Amino acid sequence: MKKALLSAACLGTTTVFAQVKDSLQTKNVDEVVMTASRKKENIKEVPSSITVVAEKQIQSQLTVNSDITSILQYTVPSLGTNSGQTSNTGQTLRGRQVLVLIDGIPQSTPLRNGARDLRVIDPSAIERIEVIKGASSIYGNGADGGIINYITKRSKTDKKISGISQIGITGQPYGGTLGVRASQLLTGKVSKFDYTLSLAYEKTGYMKDGDGVMLSPTYSTAKMDNYNGMLKLGYDINDNQRIEASYIGYSSRSNLNLGLKTGVYGIEPTIGQGEGKSLETTPQGTPKNHNIRVSYDNKNLFAGTALNINLYYQDFKTVYGYSDTFFNGGQSNVISKKAGARFNFDTQLWNSQNSQGEIMYGADILNDQTVQKLEDGRFWTPNMNMTNIAPFLLVKIDLLKKLTIKGGLRYENIKVNVDDFNTLSVVKNDGTFTKSIPVNGGKLSYNALVGNIGLRYNIEPYINLFGSFSQAYSINELGRILRTSTSETIQNLETKPIIVNNYELGATGQLSSWLNYELTSYVSTSKLGATFVQSADRALTIKRAPEVIYGVEGFLHFTPVKWLQFGGSYSWMEGITSPDDNGDYSAKINNSRISAPKVLAYAQVRPIPTLSIGVDMLHSFRQNRFELNAKTGLYAYGEGYVPDYTVFNLKSSYEVNNNWKVSLGVENILNRVYQPSIAWWAARDSDFTNSLGARRTLMIEYKF
């Protein structure tokens, strides 16, 4: 099989931490492959840091919490901790926004980031999660900090039909918290046809903290119906050609009718109490996320050249709760439709005993139509229609089966058409409302040549060195800028793009048959970054300024005996900025992007072959990077003091026989009362909420 090239500005290396975890054996790194580079690739050919969350690990975490944002916070070292809500605000990757994909289909809405892009698929449909850390332009707009790619399940059997049936219940030791969950997977192969069908449904109960008090109803995951369906059909035309089509649909709707009692920041949490005002016209959540994909592969198109074509379409809508901050009140939503095509040619230049050369080239085409409105039809942002045509070229050279050199260029050609609109009248700090003004739309153009280069030297199994430089190019959340416009024409607004340069050095290896490690350091810079800051009237605005983010991360994995494994990871980062663009970088990027240092640790034992017991720990360190405002005595948004906290989860499973398995998971097993990081750094009374108390999940699985 040919070795693969990485696509533009994404030179990933794979972190084995997530791949080997929960396997009860240390996998040889030669066996690990990646598809986030658009094609399978050996780990020893990748010169930067990537984390793979494997299927067994996803399934194990699913018995603790089916929320994908929770699964990710326990498996990806440099990803921020989750909020415990439907919003993934603050869950940045290496201090920057992340681009979320499903099988390469963009899920994020960079034109108007609604922070609902992580919770767009049920984990039961996912085979693995590939997290590319560091700036990347491989899939276009929005990957300043990296990419999270959900790779869905596929048929891996020659049987006509096989499958997995699961049913489970969740609940806390308090009334009203009972939830149910069921999923069905069917796969098979008939002659040259293969198929995968996945269905999942979950209904959650009320969510309560360790004292049995209702959590805040804002962005709540309580009393929610979640649906997910996937159908994937494949046909092997011959040994070289294959065509595949898939549909994935996801929906989440809340029927929570719970009142809100606003607390006091740092003193008393905001909670749910009584009944809501029943003002919502639409249940909050993500009522639809439809993804359609058709792909064609030809391993030998001509003269050692392979071809891959991907065509896709996404139709997404998410709805937020009722707010009286709008004139006459209302609910906002984000609606996005994307259509795209990717054409990849892969040509082998030479293949000798001691060296190989390969070139990948092609083009990506993407149309993204995004808008934010109120459910009553009023526009909060104008319609934004973006078209991006990006040709790319990459070269890869392998020497002596030890040294891999990669480099590539990608030309971003982005055009955005913005409709005329009237700004929405919203409440000001003094209780009055802003004046609606007409804004003339127009056309915006963005062009840039971005590149990457990387090197990996596999000296010995115990020491492999890598280094890379990669770039990302993205449009800074245009919708948020436009919706707060004070100008009557978009040409007068600050709409310049974000170009991120990412530098990375690392070492990885297998010190013995029972010990794996990786250590990575990185620096990312941008001449014009973007951070949410609080204005004098405490409204959120976007501050554009030069910035630098740097950090380290690493992991150790031990398997001293066959029945025991344990290990952990550590991540730390810092971000500095020059607000006046004068070379003074004494100011810090706030905590909404720079998350606290984090330790992930785990231990798993298998006392008998059929019984597995594991414990996960997450420790978020104290973060005290800013001072109180001398005049108001308050922290600004994103600058709040964050205390440390530690959470333990239990995972266990028992295989009754070859077909039946019973699993029990407990989240926050010590039933600790604590607040998520966002409750502290947001520094707002309404955001000061508690985290979920102890919650148990019992699942029964039948495999056939």
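Just so you know, these numbers use all the heavy atoms, side chains as well, and skip hydrogens, waters and symmetry mates. This one's a predicted model, so the numbers in the text were calculated from it and none came from an experiment.
No side-chain donor-acceptor contact under 3.5 Å links K223 to the backbone of L258. Side chain of T270 to backbone of G263: a donor-acceptor contact under 3.5 angstrom is found. Between the side chain of S108 and the main chain of L99, no donor-acceptor pair closer than 3.5 Å is present. Within the 3.5 Å criterion, the main-chain N or O of G114 finds a donor-acceptor partner in the side chain of Y320. A distance-only check finds a donor-acceptor pair linking the side chain of Q91 to the backbone of T69 [under 3.5 Å]. Checked by atom type and distance alone, the side chain of N149 pairs as donor or acceptor with a backbone atom of G104 at under 3.5 Å. Put simply, the side chain of T75 gets close to the backbone of I71: a donor and an acceptor are under 3.5 Å apart. A donor-acceptor pair is defined here as one N or O able to donate and one able to accept, closer than 3.5 Å; such a pair exists between the side chain of K232 and the backbone of K153. The backbone N or O of L185 sits nowhere less than 3.5 Å from a side-chain atom of S198 that would complete a donor-acceptor pair. Put simply, the side chain of R116 never gets that close to the backbone of V334: no donor and acceptor are under 3.5 Å apart.
Here the rule is side chain to side chain donor-acceptor pair (under 3.5 Å) with Q166, and of R181, Q184, K661, E701 only E701 fits it. Evaluated for a side chain to side chain contact (heavy atoms under 4.5 Å, CB included) with L698, the options V666, I169, T170, T63 yield exactly one hit, I169. Between S216 and the options I271, D209, L260, a side chain to side chain contact (heavy atoms under 4.5 Å, CB included) holds for only L260.
Nearest heavy atoms, Y570 versus V599: CD1-CG2, 3.6 Å. Closest heavy-atom contact between K337 and Y313: CD-OH, 3.7 Å. Contact record, I148 with Y150: CG2-CE2, 3.8 Å, taken as the closest heavy-atom pair. Nearest heavy-atom pair, L600 versus Q73, reported as atom, atom and distance to 0.1 Å: CD2-O, 3.5 Å. Nearest heavy atoms, T51 versus P77: OG1-CD, 4.0 Å. The two residues I58 and R128 have their closest heavy-atom pair at CD1-CA, 3.7 Å.
Using a cut-off of 4.0 Å between Lys/Arg side-chain N and Asp/Glu carboxylate O, D194 and R242 are scored as salt-bridged. The pair K156-E55 meets the salt-bridge criterion, with a side-chain N (NZ, NE, NH1 or NH2) lying under 4.0 Å from an Asp/Glu carboxylate O. Salt bridge E244/R154: absent, no basic N to carboxylate O contact under 4.0 Å.
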### Query
E667 and S70: side-chain contact (heavy atoms from CB on, under 4.5 Å), yes or no, with the steps?
CA-CA 10 Å; E667 182 178 10; S70 176; 4.3 Å; yes
### Message
One pair to check against side chain to side chain donor-acceptor pair (under 3.5 Å): N226 and N228. What are the steps and the verdict?
### Response
CA-CA 7 Å; N226 301 306; N228 196 91; over 6 Å; no
### Task
Evaluate the side chain to side chain donor-acceptor pair (under 3.5 Å) criterion for residues Q61 and D616: first the C-alpha distance (whole Å), next the side-chain angles of each, then the deciding distance (0.1 Å), finally the verdict.
CA-CA 9 Å; Q61 292 289 338; D616 282 344; 2.7 Å; yes
### Query
When you look at N291 and Q107, which way does the side chain to side chain donor-acceptor pair (under 3.5 Å) test go after all the steps?
CA-CA 9 Å; N291 289 271; Q107 307 299 303; 2.8 Å; yes
### Message
Using side-chain contact (heavy atoms from CB on, under 4.5 Å), reason through H619 and D644 one step at a time and then give a plain yes or no.
### Response
CA-CA 7 Å; H619 178 76; D644 64 336; 3.6 Å; yes
### Task
Just do the side chain to side chain donor-acceptor pair (under 3.5 Å) check on R119 and N88 with the steps written out, would you?
CA-CA 8 Å; R119 301 181 80 255; N88 47 265; over 6 Å; no
### Query
Can you check side-chain contact (heavy atoms from CB on, under 4.5 Å) on N668 and F648, steps first, answer last?
CA-CA 5 Å; N668 190 6; F648 291 91; over 6 Å; no
### Task
Take I126 and I121 through the test side-chain contact (heavy atoms from CB on, under 4.5 Å) and record every step on the way to the result.
CA-CA 8 Å; I126 301 174; I121 188 173; 3.8 Å; yes
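Side-chain contact check for T152 and E127: no donor-acceptor pair (N or O, by modelled atom type) lies under 3.5 Å. Counting only N and O atoms by type, the side chains of S571 and S78 include no donor and acceptor under 3.5 Å apart. Remark: the Q675 side chain and the S691 side chain contain no N/O donor-acceptor pair separated by less than 3.5 Å. For K651 and S653, the side-chain atoms include no donor-acceptor pair closer than 3.5 Å. Judged purely by distance below 3.5 Å, without hydrogens or angles, the side chains of T318 and T286 pair a donor atom with an acceptor atom. In this model, no donor atom of one side chain and acceptor atom of the other lie less than 3.5 Å apart for N255 and N257.
From F558, atom CZ reaches atom CG of L511 across 8.5 Å, with rounding to the nearest 0.5 Å. Annotation: the span from Q59 atom CD to S663 atom OG amounts to 6.5 Å, rounded to 0.5 Å. I700 contributes atom CD1, which lies 7.0 Å from atom CH2 of W660 (distance to the nearest 0.5 angstrom).
Ring orientation note: the planes of Y201 and Y227 are tilted relative to one another, at an angle of 30° to 60°.
Y74 has its side chain within reach of V647: a pair of non-hydrogen atoms, C-beta onward, lies under 4.5 Å apart. With a 4.5 Å cut-off on side-chain heavy atoms, T92 and Q97 do not count as touching. Within the 4.5 Å cutoff, the side chain of Y206 has heavy atoms near those of the L256 side chain. Side-chain contact between V213 and K208 is absent, with no heavy atoms from C-beta onward closer than 4.5 Å. Contact check for Y654 versus I613: no side-chain heavy atoms found under the 4.5 Å cut-off. Contact check for T646 versus R672: side-chain heavy atoms found under the 4.5 Å cut-off. Taking 4.5 Å as the limit, every side-chain heavy atom of Y602 sits out of range of all side-chain heavy atoms of V615. Proximity of I164 to Y702: side-chain heavy atoms (C-beta onward) are nowhere separated by under 4.5 Å.
The local environment of NZ in K203 is crowded, with over 12 non-hydrogen atoms from other residues, nucleotides or ligands closer than 6.0 Å. Under a cut-off of 6.0 angstrom, the local environment of CG in N657 is crowded, with over 12 non-hydrogen atoms contributed by other residues, nucleotides or ligands. By the 6.0 Å contact criterion, NZ on K703 is open, its count of non-hydrogen atoms from other residues, nucleotides or ligands being 12 or less.
A search for side-chain hydrogen bond (donor to acceptor under 3.5 Å, both in side chains) contacts involving E375 returns T282, K317, N333, not counting sequence neighbours. By the salt bridge (Lys or Arg N to Asp or Glu O under 4.0 Å) test, K159 is found to be paired with no residue, residues two or more places apart in sequence or in another chain being considered.
Taking the six-membered ring for Trp and the full ring otherwise, the centers of F555 and H557 sit at least 6.0 Å from each other.
Sorted by first and then second residue, the ring-ring contact (aromatic ring centres under 6.0 Å, His included) pairs with a member in residues 157-193 read F193-Y235; sequence neighbours excluded.
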